[in-house]
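For reference, the structure is listed below as structure tokens.
Atoms within a ligand are numbered from 1 in the order they appear, just like the ligands themselves. Note that the numbering runs from 1 along the sequence shown for the chain. Keep in mind that the numbers below use all heavy atoms, side chains included, and drop hydrogens, waters and symmetry copies.
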Amino acid sequence: MEDLKQVAAKAALDFIKPGQLIGIGAGSTIAHLVNFLKEEVTLAKSITLVTSSFSTRQLLLEHDFQVKEISAVSRLDIYFDGCDQFDHQLNALKSGGGIHTREKLLAAMADKFILLGDGSKYVAQLYSTFPVVIEVIPDAVPFVLQQLKKIFSLANPVIRMGSKKDGAVITENGNLLIDTWFRSFPPLDSLNHRLKEIPGILETSLFYNMAHAAIIAGKKGVEIIRKDPAYPI
Ligand code: 5RP
């Protein structure tokens, strides 16, 4: 059976032009994109990449791509990333990797932020089967847990624990992650803002109104969804 993540990744190649500064995120779809890029030798040699992901960076270095640190850039031509789920307005949940702070930073600095996914990720409305993940500075964890329960009565916030080492997951920034499970999501248009008003919260995994386009691979082929149909992507 055809791997639809691979199909979406291949379609993303068409958007990359020689000499560009390209950001890429995490996950298997992005790994497919890197593998397709390395086959396009001339294009691959001409571009520079920046990534939010440790694993993607390892893959890029393994294949001799030109890689820049995030701290060395303030603008990208394009940022490509996968997600757990995205809705018809291209709002996305990027909760799985726990690296959403870096992902959001790269998405925000890109002229074009393009989501990649197979059709199963594209839904009318985001489901609360995924948590909203919150990166929190260590000292603020008890306070943030208390505030989350107080402000969102239907929320169940849980510290993300490591699976291959005892203790909580610690982010690249030395912070903790709180998986915030909602029975149903509060209005999405204000959720990010309401969460970030709580002191100690650095960033959330809800990417509201950020993506410019999505490349979706389904059984009937590839579909490009543009946030603004007039936007030249
Ligand atoms: C990390 C993410 C990933 O992009 C997401 O998990 C997609 O992964 P895959 O391409 O393997 O389905 O959001 O935070």
Parallel, tilted or perpendicular, as decided by the 30° and 60° cut-offs, for the rings of His88 and Tyr122: tilted
Sub-4.0 Å atoms of ligand 1 with respect to non-hydrogen atoms of Lys5: 9 (P), 11 (O), 12 (O)
Atom 6 (O) of ligand 1: nearest protein contact (heavy atom, Å): Asp84 OD1, 3.6 Å
Residue from Lys104, Lys112, Lys94 passing salt bridge (Lys or Arg N to Asp or Glu O under 4.0 Å) with Asp81: Lys94
CA sep, side-chain torsions, deciding dist, call: Asp87, Leu188, side chain to side chain contact (heavy atoms under 4.5 Å, CB included): CA-CA 11 Å; Asp87 69 16; Leu188 288 186; 4.2 Å; yes
Enumerated ligand 1 atoms positioned under 4.0 Å from heavy atoms of Asp81: 4 (O)
Side-chain donor-acceptor pair present, Lys227, Asn209, cut-off under 3.5 Å: yes
Of the listed options Lys121, Gln85, His100, Lys94, closest to atom 7 (C) of ligand 1 (non-hydrogen atoms): Lys121
Ring geometry between Phe113 and Phe207 (parallel below 30°, tilted from 30 to 60°, perpendicular above 60°): tilted
Residue, atom name and distance, where the atom is the protein heavy atom closest to atom 3 (C) of ligand 1: Ala26 O, 3.6 Å
Residue Gln58 excluded, over 12 heavy atoms near CD under 6.0 Å: yes
Residue Gly27 vicinity, atoms of ligand 1 by number, heavy atom under 4.0 Å: 8 (O), 10 (O), 11 (O)
Test of proximity, Gly82 against ligand 1: N or O pairs below 3.5 Å: yes
Shortest reach to atom 5 (C) of ligand 1 by a heavy atom, considering only Cys83, Ser53, Ser52: Cys83
Parallel, tilted or perpendicular: ring planes of Phe65 versus His63, cut at 30 and 60 degrees: perpendicular
Within-shell test, Gly25 vs ligand 1, heavy atom, strictly < 4.0 Å: no
Element-labelled atoms of ligand 1 that are located less than 4.0 Å from some non-hydrogen atom of Gly97: 1 (C), 14 (O)
Protein contact to atom 10 (O) of ligand 1 [nearest heavy atom, distance to 0.1 Å]: Thr29 OG1, 2.5 Å
Closest approach of any protein heavy atom to atom 11 (O) of ligand 1, naming residue and atom: Ser28 OG, 2.5 Å
Donor + acceptor pair across side chains of Asn173, Glu135 (<3.5 Å): yes
